[in-house]
Amino acid sequence: MITLAKTYSPKKNEEKIYKYWGDSGKFNPDNLDLPKNAKPYTIILPPPNITDKLHLGHSSMLAIEDLLIRYHRMNGYRTLWLPGTDHAAIATQNVVEKKLLKEKKQTRHDIGREKFMEEAWKFMKTTQSTILNQARRMGASLDWSRLAFTLDDQRKTAVEKMFIDMHEAGAIYRGKRIVNWCPHCQSTLADDEVEYKAEKSILYTFKYDKNFPITISTTRPETKLGDTAIAVNPKDSRYKDLIGKTFKANFCGIDLEIKIIADHEVDMNFGTGALGVTPAHAIIDWQIAQRNDLKTIQVINEQGKIKNGFKKFSGKSALETRKEIVKKLVRSDLIIKEEEIENNISICYRCNTIIEHLPSEQWFISVDKKLEKLGGKSLKEKALEVSRTKEIEFIPARFTKRYQDWMENLHDWCISRQIWLGHQIPAWYKDDEIKVQVKTPGSGWVRDLDTLDTWFSSGMWTFSTLGWPNNFKDNEKSGDLTKFHPTQVLNTGYEILTLWVSRMIMMSLFAVNEIPFEKVYLHGMILDQHGKKMSKSKGNGIDPIEMIEKYGTDAVRLSLLIGSTAGNDMKMSERKIEGYRNLINKIWNIARFVLHQLEFEKPTSTKKIVDLTSSDLTSADQWILARMHQLNTAIRKDIENHEFSAAGERLRKFTRDDFADWYLEISKIETNASKQIILSEILRDLLRLWHPFAPFITETIWQKITDSMLMIESMPEKTKYQKYSREADSFTLIKQIIIIIRNARAQYKLNPQDKIEVFVQAGDKLPELEKEKNLLKNLKTSIEKIEITKTGSEIPNAFYGQVASIKIYIPLKGVVDPEKELKKLKRELTKLKGFLISLDNKLKNQQFISNAPQEIVAKEKAKKAKIKIKIKDIEKQLPTESK
RNA sequence: GGACGCUUAGCUCAGUUGGUUAGAGCGUUUGGUUUACACCCAAAAGGCCACAGGUUCGAAUCCUGUAGCGUCCACCA
C-alpha cells in the first residue's frame, strides 16, 4: 500500500524530480521516442540579459513557455525548447564598469580592452550560471545540450558571416549621419535606446548680432555656434523677401555665415517661425541641410565639450558654454524673450546621461534598399508583408497594428557601437580603403574597433541557435535548421516588440529566407500589488526564488499563469501565491485520499474506463465522467488558443468543485465496483492535465503510482470520455436537492444534529430518484426521513418547521436537463423570439431596407442567416428535449 | 502631438461572434474539528459593469463623445 505525507513538501521533491527529468535526457527532442514524421514544436527562449539574476517577469515567461512545451511534448510533437543568454552589450559593459570602479577603483581605460574583457567574461560566467539555475528551479524543461550565448564562438561565426553577407548584398553600408551619442558610455545609441525625460527648460529668443535681420528661438544657444542657415516656412510672408540671401553675423565672437532658406518642415507658429539650422546637432536640421546643400559645422565633440576652433569656448562643457553665451547676449541686449517651456530632453537608457546629436561615421543597415536577395524588395517591405499576409500572427491581435506602424516609420538602423563588450565589426581600414572580412587583409590594415549593437546578434537568435550558417548551404537548410525552423511561438514582453521582434523578422527573412516564428505571444508586465513596476531601486520587487523556497515552484507558476491574459499587465502579491500553494496541497490530498481509500496498489486496473457500461455506473459516476469529458476537450481548446488562464481556472474548478467536493465525498458512501477504476483513471488523467501547469507535484505523485515518467506520457485521448458526455441528468437532480437542503438549513439556522424530513415531488424522474434515495440520505444531509413521490398531492406544500425539526418540500417540475444544455437551448429560444419580433417590425416598416445604408442592410442579412441556421439546430433538438 | 489599452463585488481579475437572473479567487460575516486536506468543509452578504448619448426586440459586450489611469511611438527648434 502506498501512502503520502499529510502535506506536500515542494522542497523535498523538486530538486530530485528535476534531476530525474534531466538525467533521462528527454528535454532533448532527439531522445524522444517519436515517429519520423512527428510534427515539430519549437520555442527559442528569449535570452535573458546577463546583467543580473532573473525577476518575476522572466519567471512568467518561463512558466508560459514551459506550459506550452510540456503540453506539446505530451501530445506527441518533436518538442524543442532552446535555452540561452544575451550579452546585452552596453548594459553589461556598464554593470562591469561599475563593479570595477567599486571594487578596484579603476576605469576600463585604466586596465585596457583585453583585461577588461577578461573581467567581463568572469562576470558573465557567474551571472549566467545564476540565471540558468533559476530557470531550473522554475522547472523549465529546456534542452541544455543546445545552450547558446549571444557572444560564444558559434554565434561569433554566425554574426560575422551575417555582417559580411549583408554588406555584400548592399544591406549594410558605412555612412555619415547624425547619431545619438552618449558622452558617458562613449558610444552611439539606436533611436530606441534613447529615452526622454520631461523637463522645464528656457527657450531663448534672440538675434545672432545687432545687425541681423531675423530673430530665432532655441533652448540650446551653445549649438548655435554651428549654425549655417535660417530656415523659414515657404508660406511665411514675414520672411519672403529674405529667402535666398546670405548674411554674415558675429555670434558672441564667432563668425557665422547664415543663408536664409525655405523649408516646409518649419512650423510657422513656433517661436518666431524662423529656425536656426544647426546641421551637426539636430536630426531635422541635418535633413534640412541635406536638402539644401548646407555646410555642416560640428560644435560639440564626443566628450560633450566644445570643439577646437571656437576661441574661448573651446574645451568647455556644453552647459557652461550655454551660460556664458546667454550672459553675453544679455549684456549685448540681444535677448528678446526668455520663457520657461516644458520640453523633452533625450537621455541614455542605460546611464541617464543627456544625449548629444553628432555627425559621425557609422555602420548602418538599410531598411529601404531594394535587395536582390529578397526578390527586389527591401527589408522593411518584406517584414511588413509577412504580418499583412498573417504569415506571422500576433497575440493579442492589436499588436499587429503597433508592429506595422513602427515598421513603416523605421529609419536606417545604426548598428555600430563604440564599446568593447560585443562582436567586433569585421571591417578593416587602410588609408581610404575599407574591406569587410574576418581575417586581416595584410600589413597596414587596421581593424574597426567598434562592436555591433546587441540587437544585431539577438536578432539572429532563432537561426543562429539552430546551426546557421553551417546548416545553411546553397540556400538549403539542413540539420536542426530543417527540423526546428521556423519556430512556432515567440513569447516575449510587449515592450520589446519593436526593439527585438522586428529585428528578428528582418534578419531571418534575409538570412534563411523565411519567417523566424509563426506566432508572437506577447505577455504583460508583472507589477507589484499597487500596480507599480517592480524595480530594484524601489525595493518593491518579489524575488521568484524566495517565493519558490517558501511556497514551491508549482504555486509560483500557477500564480503567474492563472489570472493573467495576453498583452495585459498583472499585479502580483505574495497572498496570491499562497492561494495557489493551497490549491497544490489540495491536489496532493486528493491523490492521498484516492490512494488511501482504495488501498490502491500498482499496477492496477484490468478494466478500463471505456469498457464500463451504464449498468456498472451509478448516477454520480456518470456525472463525473461527463464532466471529465467536458474538461478534457475544453482544456485543449483553451491551450491551443493561448488562453492559459482560462485553462487553469477550468482545471481548478473541476478538481476542487466537481471531483473533490462532490465525487470524492460520494465515493465514501457508494462502493460499487467501478469506483476504483474511475477514481484511479480520473486521478491519473488529472495529473496529466495538470502537468504542464504544475509539473513537480504531478510528477511526484505519478512516481508513487506508476513506473513511467509523467513528463513524456500522453495527454488523455480526446475521445476517452466521449461516450459519457450526455449522461449527467440524475445526479444533477441530486445535487439540486442537496443544495436546496443546505440553503434551508442555513435559512432556518439549523444545527447539524437537527433532523429534517424531506419530501420530493419527482415527476418523471421518480424511478431514478428512488434508486438514489440512499445516497441522498447519507450525503451529510442529516435527513431523517425522505419521501419521493411522483406528484405533490399527498405531501405538504410549504416549508414549515420548528427549532429542532423541519420538513422540506421540494417540487421538481417535469424534466430537469443538464444545466448547460438547458441554458444553451433557452438562449437560442430567446434569440428566436427576438428575431421574430424584429422581423415583424421590419416587415411593418418596409422603408428600412430601401433607406438604410448598405452596411447595415448587410449586417441585418448576416444576422438573419445566422439565426436561420440556429432555428434548424433547435428544431433538431426539440423532439428529444420535449417539454 | 500620434496610436493603443484599461475602468466590472472591499481587493485582484474573467466575461469567447450582443441573448433568461453578470462570474471566479482572495477578503468579510455565519456555521462546522464530517476517519484526504484548517494549506479544510458548508453557506451568506456584497455590482446603475466609469459617465453621457446612440444602434437594437435585447448592450458589460457594438458605435460616438466625456473623464480618470496606463503603455508605446515621435519629438519641436
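Chain naming here is simple, since letters A, B, ... match the order of the sequence lines and numbering starts at 1 in each. In this text, all values refer to a predicted model and were calculated from it rather than measured experimentally.
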Please tabulate, one pair per line, each protein N/O and nucleotide N/O from nucleotides 75-77 of chain B that are separated by under 3.5 Å, including the distance.
from, atom 1, to, atom 2, distance (Å)
B:C75, N3, A:Asn344, ND2, 2.8
B:A77, OP1, A:Asn343, ND2, 2.5
B:A77, O5', A:Thr219, OG1, 3.1
B:A77, O3', A:Thr218, OG1, 2.8
B:A77, N6, A:Asp267, O, 2.5
B:A77, N6, A:Phe270, O, 3.3
B:A77, N1, A:Asp267, N, 3.2

Aromatic ring pairing A:Phe399/A:Tyr494, orientation class (parallel under 30°, perpendicular over 60°, tilted between): parallel

Distance, P atom - from B:U35 to B:C41, rounded to whole angstrom: 14 Å

Members of residues 581-593 of chain A that approach RNA chain B, where some heavy atom sits under 4.0 Å away: A:Arg581, A:Asn582, A:Asn585, A:Lys586, A:Asn589, A:Ile590, A:Arg592, A:Phe593

Spatial distance of atom CD1 (A:Ile705) from atom CZ (A:Arg684) [nearest 0.5 Å]: 5.0 Å

Nearest-Å distance once atom P is located in both B:G46 and B:A22: 13 Å

Separation of the C1' atoms in B:A67 and B:G25, to the nearest angstrom: 31 Å

Sugar-phosphate, base or nothing in reach of A:Gly579, heavy atoms under 4.0 Å: nothing

Side-chain heavy-atom pair A:Ile701, A:Ile587 within 4.5 angstrom cut-off: yes

Student check: side-chain heavy atoms of A:Thr698 and A:Phe693 closer than 4.5 Å: no

Sugar-phosphate only, base, or nothing, as touched by A:Asn641 at under 4.0 Å among non-hydrogen atoms: nothing

Stepwise side chain to side chain contact (heavy atoms under 4.5 Å, CB included) test for A:Ile697 and A:Asn13: CA-CA 8 Å; A:Ile697 188 173; A:Asn13 295 294; over 6 Å; no

Spacing between A:Ile577 atom CD1 and B:U12 atom C1', to the nearest angstrom: 13 Å

Given A:Ile335, A:Ile230, A:Thr272, the one that forms side-chain contact (heavy atoms from CB on, under 4.5 Å) with A:Thr215: A:Thr272

Candidate nucleotides B:C37, B:C41, B:A36, ranked by approach to the side chain of A:Leu664 - the nearest: B:A36

Full working for salt bridge (charged side-chain N to carboxylate O under 4.0 Å, His left out) between A:Glu356 and A:Arg220: CA-CA 11 Å; A:Glu356 288 294 345; A:Arg220 298 200 59 189; 3.1 Å; yes

Full working for side chain to side chain contact (heavy atoms under 4.5 Å, CB included) between A:Val594 and A:Leu664: CA-CA 8 Å; A:Val594 171; A:Leu664 292 192; 4.3 Å; yes

Phosphate-side-chain proximity, A:Thr565 and B:A14, N/O vs OP1/OP2 below 4.0 Å: yes

Ring centroid separation A:Tyr208 to A:Phe251 under 6.0 Å: yes

Whole-Å gap separating C1' (B:A14) and CG (A:Asp638): 12 Å

Inter-nucleotide C1' distance (B:A3, B:G58), Å rounded: 34 Å

Whichever of A:Tyr8 and A:Arg402 has its nearest RNA chain B nucleotide further upstream toward 5': A:Tyr8

A:Arg557 side chain near A:Phe696 side chain, heavy-atom distance below 4.5 Å: no

Whether over 12 other heavy atoms sit under 6.0 Å from A:Arg238 CZ: yes

Distance below 4.0 Å between A:Lys6 side-chain N/O and B:U35 OP1 or OP2: no

Intra- and inter-strand pairs of RNA chain B in dot-bracket (Watson-Crick or G-U wobble, both distances under 3.5 Å; | for another strand): (((((((..((((.....[...)))).(((((.......))))).....(((((..]....))))))))))))....

Atom-pair distance (CG on A:Leu558; C1' on B:C26), nearest Å: 15 Å

B:A74 versus B:C4 - spacing of their C1' atoms, nearest Å: 15 Å

C1' atoms of B:G15 and B:A9, separation to the nearest Å: 14 Å

Touch class at under 4.0 angstrom, heavy-atom based, for A:Tyr494 against every strand present: sugar-phosphate

Pairwise P distance for B:C11 and B:U28, with rounding to whole Å: 15 Å

A:Leu560 CG - B:U12 P separation (whole Å): 18 Å

Phosphate contact (B:G25 OP1 or OP2) by A:Lys653 side-chain N/O below 4.0 Å: no

Nucleotide of B:C26, B:U71, B:A42 approaching A:Asp661 most closely (side-chain heavy atoms): B:A42

Interatomic distance where CG belongs to A:Asp405 and P belongs to B:G5 [whole Å]: 12 Å

Nearest-Å distance for atom pair CD1/P, residues A:Ile738 and B:A43: 10 Å

A:Phe644 and A:Tyr521 aromatic ring geometry - parallel, tilted or perpendicular at 30°/60° bounds: tilted

Closest to the A:Arg398 side chain, choosing from B:U12, B:G5, B:A36: B:G5

Same-atom distance (C1') from B:A60 to B:A42, integer angstrom: 31 Å

A:Arg652 side-chain proximity, nearest of B:A36, B:G5, B:G25: B:G25

Spacing between A:Phe659 atom CZ and B:C41 atom C1', to the nearest angstrom: 17 Å

Given B:A36, B:A14, B:C73, the nucleotide with the shortest approach to the side chain of A:Asn568: B:A14

Phosphate OP1/OP2 of B:C11 contacted by A:Lys571 side-chain N/O (<4.0 Å): no

Base B:A14 to side chain A:Glu643, donor-acceptor N/O within 3.5 Å cut-off: no

A:Lys576, NZ atom: more than 12 neighbouring heavy atoms under 6.0 Å: yes

Worked check of side chain to side chain donor-acceptor pair (under 3.5 Å) between A:Ser217 and A:Thr205: CA-CA 4 Å; A:Ser217 302; A:Thr205 303; 3.1 Å; yes

Short side-chain N/O contact to B:A24 OP1/OP2 from A:Arg650, under 4.0 Å: no

Of A:Thr7 and A:Asn409, the one whose closest RNA chain B nucleotide lies more 5': A:Thr7

Audit row: A:Glu578, A:Arg575, salt bridge (charged side-chain N to carboxylate O under 4.0 Å, His left out) steps and yes/no: CA-CA 5 Å; A:Glu578 197 185 331; A:Arg575 189 164 260 176; 5.3 Å; no

Whole-Å distance separating the CD atom of A:Glu649 from the C1' atom of B:U12: 11 Å

